[in-house]
Number of protein chains: 2
Amino acid sequence: MVQRERATIHEVAARAGVSEATVSRALRGLQHVAPETVEQVRRAAAELGYTPSRSAAALATGRARTVSVIVPGVASWFYAAVLEGVDDALRAAGYTVGLVSLSAPDGGRRPLTAAELHAGQAEAHVVIAFELDDDEQALLRATPAPIVTVGGAVEGVRGIGIPEEEAAGMVVEHLAALGHRRIGHIGADREDGLNPGIAAARRDAWRAAVARLGLEARPEWFASGAFRIEASRDAALRVLTGPERPTAIFAASDVSAFGVLLAAQALGLRVPQDLSVAGIDDHPYSAAHGLTTVRQSPREQGARAAAMLLRELGVRGPVPPATPIELVVRASTGPPA
Amino acid sequence: MVQRERATIHEVAARAGVSEATVSRALRGLQHVAPETVEQVRRAAAELGYTPSRSAAALATGRARTVSVIVPGVASWFYAAVLEGVDDALRAAGYTVGLVSLSAPDGGRRPLTAAELHAGQAEAHVVIAFELDDDEQALLRATPAPIVTVGGAVEGVRGIGIPEEEAAGMVVEHLAALGHRRIGHIGADREDGLNPGIAAARRDAWRAAVARLGLEARPEWFASGAFRIEASRDAALRVLTGPERPTAIFAASDVSAFGVLLAAQALGLRVPQDLSVAGIDDHPYSAAHGLTTVRQSPREQGARAAAMLLRELGVRGPVPPATPIELVVRASTGPPA
DNA sequence: TTGAAAGCGCTAACAC
DNA sequence: GTGTTAGCGCTTTCAA
């Protein structure tokens with residue numbers, strides 16, 4: 001099929017022998033169009049390779065059929081997966097994603113501003129909220145368009161995420177059930193005004209779960225790895241070279257856990273004989289590393305966020321139920337030697 | 001600033017006491033507008049929080065100011081980085097990225113079709129070409145809109161990528177210079193009609209470089225890991241348990257190299273004393289793993305692709321020069337024991 | 001069930 | 001330098 005200039009609704013109407021209005025109605029599946037007319041219009045459109053102009057439709061209706069996805073950057077497994085999930089759900093509804101990546105070329109991050117939020121002319125927004133500072137969170141609350149956050153709850157804004165206490169509890173209980181009495185944690189500190197949600201929740205849950213089991217959560221058994229692999233490795237090196245080192249480490253994310261595994265390797269500690277390690281996420285590399293973890297599906301979370309927004313925008317279709325989180329036991333955890 | 005209904009150019013014109021055409025000209029920085037008029041218009045626009053409607057502008061000009069990015073999926077470090085690079089460059093030019101992720105929820109991939117390509121109303125396309133089959137490549141050649149591929153060259157379409165033979169040569173020569181005589185390769189096979197470009201290029205370059213150095217490239221020293229971590233681990237296990245195992249492995253990508261490192265660990269081989277490992281990419285986790293690799297910048301490649309297209313679309317601005325690839329030597333390579 | 005006409009918010013050609 | 005006019009390709013009344 002040779003590419004010519006894009007056909008217009010006018011041409012389709014001429015070819016089908018009907019008016020433009022009828023073509024519009026027929027192609028959008030509106031009621032009160034004779035079945036045979038619909039058929040004619042469809043055929044004419046197909047023959048001309050007609051694709052309706054989004055801009056024209058947007059202008060006429062005032063709805064751009066776009067939902068923006070605000071991400072701190074897209075080069076992170078979690079963010080990318082959420083983005084894919086949103087994309088899936090939107091595509092199915094004839095919507096498109098307006099990507100707003102806040103990552104700057106220098107590795108930094110642009111602030112989220114009203115201009116940034118509105119530039120894409122989106123009807124609604126999915127916001128990954130892990131790294132938002134207070135101003136940015138306030139902006140979300142002040143925005144009239146529907147918003148759903150994923151990861152890192154923002155007060156006053158609907159959010160999708162996993163039950164943090166439960167996830168952390170699953171890991172700690174699993175380790176305790178294996179016989180561990182000294183369970184450390186590599187997570188993250190509150191950083192300069194950024195949303196501390198997830199990091200704090202998992203750290204608190206570690207303390208709570210450990211206490212519940214009658215064990216200790218010694219301060220020196222915690223260190224911040226900022227959810228990054230190198231920093232987590234270094235944090236684990238500190239924790240594991242202390243006087244009475246933990247026999248197990250609960251890492252706040254799988255990437256943190258990879259860092260812990262590297263630290264163990266550097267120290268000559270066998271996993272799981274000398275050190276058990278478990279994370280949260282089920283990162284794509286976790287199975288290969290034999291990492292015990294709590295599985296969550298960011299892709300599904302993205303799809304659910306999009307579905308919620310679409311429903312609010314008047315698009316039919318149910319919001320799929322959330323798959324419960326699940327402990328995935330692999331080779332990185334076992335009884336202490 | 002309270003959010004009201006979006007202001008229109010009409011309101012700005014009224015407030016500034018000029019015509020809509022003048023507002024349009026002033027805001028777009030066109031010539032022949034009195035400086036003081038520009039100032040008035042700017043102020044009025046700011047006071048009203050005016051943001052021009054993209055759909056209206058697109059309809060009026062016939063240009064959507066959108067470039068689509070076609071990716072097999074976004075949950076891969078490389079693809080995501082390219083996407084960010086494209087996003088950077090487009091944003092700076094007032095363009096937006098139309099994301100077309102071909103990944104399906106079930107883990108599969110939708111085919112790239114003309115409808116998919118045109119649905120976003122993009123003026124041009126950046127296509128990640130690693131996984132395109134013959135039909136899809138033909139589609140690219142038949143598309144009139146400007147296209148640039150990144151990764152996996154497609155005949156007849158401009159592409160951006162690194163010099164493959166040189167990259168592979170750097171790794172092999174580095175290993176040989178350390179004294180290795182048995183250098184294996186974990187890469188990928190040609191898979192069912194997919195673009196075999198990168199995989200074949202690196203494999204051929206391995207053979208050529210090894211031959212050039214007067215060494216052998218025994219068939220049993222190669223195995224396919226399909227660029228995935230588990231498959232690469234398994235491939236490496238096969239290669240490393242053969243009769244005369246290699247003392248060094250050139251992995252076709254850093255992810256493949258991670259798999260090789262896992263295999264070494266499983267076999268109790270010390271890195272680099274018993275086995276040297278090197279890849280290509282400089283993946284974000286590579287530094288933490290101490291992996292020797294050839295650094296390439298997908299983000300920059302994406303930015304360059306976008307810049308090329310923008311220039312073709314008549315947007316001012318230079319195409320940034322490519323940073324040359326570079327061997328990054330880390331702890332995973334050393335002289336054979 | 002269908003058509004005619006008006007208009008979405010902007011830009012571009014042409015006057016002045 | 002600036003205003004006027006006529007669309008861009010759709011959707012949506014309102015009539016018929």
Side-chain angles (χ1 to χ4, degrees), chain A residues 4-42 44-45 48-66 94 96 118-121 123 313-315, chain B residues 4-42 44-45 48-66 94 96 118-121 123 313-315:
Chain A
R4 19 185 157 190
E5 281 298 294
R6 280 184 45 184
T8 68
I9 199 173
H10 183 81
E11 301 172 72
V12 177
R15 184 167 190 123
V18 297
S19 72
E20 298 180 20
T22 298
V23 171
S24 177
R25 287 189 277 249
L27 258 25
R28 283 181 300 151
L30 298 193
Q31 307 191 318
H32 307 303
V33 186
E36 53 268 35
T37 309
V38 172
E39 189 42 45
Q40 276 168 41
V41 170
R42 286 236 180 86
L48 293 171
Y50 172 69
T51 317
S53 155
R54 295 192 131 254
S55 354
L59 184 55
T61 59
R63 317 191 53 186
R65 292 187 154 272
T66 294
T96 57
H118 300 310
Q121 328 260 304
E123 296 177 39
L313 294 174
V315 179
Chain B
R4 20 186 155 186
E5 281 296 296
R6 281 183 45 180
T8 67
I9 199 172
H10 183 80
E11 302 172 70
V12 178
R15 185 169 191 119
V18 297
S19 72
E20 298 180 19
T22 298
V23 172
S24 176
R25 286 189 278 249
L27 259 23
R28 282 181 300 153
L30 297 193
Q31 307 190 317
H32 307 303
V33 187
E36 53 268 36
T37 309
V38 172
E39 191 40 47
Q40 277 169 40
V41 170
R42 284 237 180 88
L48 293 170
Y50 171 70
T51 317
S53 156
R54 297 192 129 252
S55 355
L59 184 55
T61 59
R63 316 192 55 185
R65 292 188 154 270
T66 294
T96 57
H118 301 312
Q121 328 262 305
E123 295 176 39
L313 295 174
V315 179

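Below, chains carry the letters A, B, ... as their sequence lines are ordered, and counting in each starts from 1.
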Does a nitrogen or oxygen in the side chain of A:S24 sit under 4.0 Å from OP1 or OP2 of D:dT11?
yes

Nearest heavy atoms of A:L27 and A:A45, plus distance in Å
CD2-CB, 4.3 Å

In chain order, what residues pass the side-chain hydrogen bond (donor to acceptor under 3.5 Å, both in side chains) check against A:Q40, with sequence neighbours excluded?
none

Whole-Å distance separating the CD atom of B:E39 from the C1' atom of D:dG1:
17 Å

Any sub-3.5 Å donor-acceptor pair from A:E123's side-chain atoms to A:R65's backbone N or O?
yes

Report the end-to-end axis angle of the helix from C:dT1-D:dA16 to C:dC16-D:dG1; each axis comes from five terminal pairs, and the value is rounded to 10°.
30°

Restricting to salt bridge (Lys or Arg N to Asp or Glu O under 4.0 Å), what partner residues turn up for A:R42, sequence neighbours left out?
none

A:A119: which residues meet the side chain to side chain contact (heavy atoms under 4.5 Å, CB included) condition with it, sequence neighbours left out?
none

Identify each donor-acceptor pair in which a side-chain atom of residues 28-38 of chain A lies under 3.5 Å from a protein atom, sequence neighbours left out, and give them as a table.
unit_1, atom_1, unit_2, atom_2, d
A:R28, NE, A:S24, O, 3.3
A:R28, NE, A:S24, OG, 3.3
A:R28, NH2, A:S24, OG, 3.0

Distances under 3.5 Å between nitrogen or oxygen atoms of protein and nucleotides 2-4 of chain D:
unit_1, atom_1, unit_2, atom_2, d
D:dT2, OP1, B:T37, OG1, 2.6
D:dT2, OP2, B:A34, N, 2.8
D:dT2, OP2, B:T37, OG1, 3.2
D:dG3, OP2, B:S19, N, 2.8
D:dG3, OP2, B:S19, OG, 3.0
D:dG3, OP2, B:T22, OG1, 2.7
D:dG3, N7, B:R25, NH2, 2.7
D:dG3, O6, B:R25, NH1, 3.2

Please list, by residue number, the residues of residues 55-65 of chain A whose heavy atoms come closer than 4.0 Å to an atom of DNA chain D; answer none if no residue qualifies.
A:A56, A:A57, A:A60, A:T61

Point-to-point distance, once rounded to the nearest 0.5 Å, from OG1 of B:T51 to CD1 of B:I9:
12.0 Å

Sequence neighbours left out, cut at 3.5 Å: what donor-acceptor pairs do the side chains of residues 52-60 of chain A make with other protein atoms?
unit_1, atom_1, unit_2, atom_2, d
A:S53, OG, A:S55, N, 3.4
A:S53, OG, A:A56, N, 3.0
A:R54, NH2, A:G94, O, 2.7

Give me the first and last nucleotide of DNA chain C, going 5' to 3', that has any atom under 4.0 Å from a heavy atom of chain A.
C:dT1 to C:dG9

Gap between atoms CG and C1', on B:L30 and D:dG1 respectively (whole Å)
13 Å

For A:R63 and A:L313, indicate whether the former's side chain and the latter's backbone hold a donor-acceptor pair under 3.5 Å.
yes

side-chain hydrogen bond (donor to acceptor under 3.5 Å, both in side chains) against A:S19, all qualifying residues, sequence neighbours excluded:
A:T22

A:R15 meets the side-chain hydrogen bond (donor to acceptor under 3.5 Å, both in side chains) criterion, sequence neighbours left out, with A:E47

Which distance, rounded to the nearest 0.5 Å, do you find between the CD of A:E11 and the OH of A:Y50?
10.0 Å

Contacts of type side chain to side chain contact (heavy atoms under 4.5 Å, CB included), residue B:A16, not counting sequence neighbours
B:V18, B:V41, B:A44

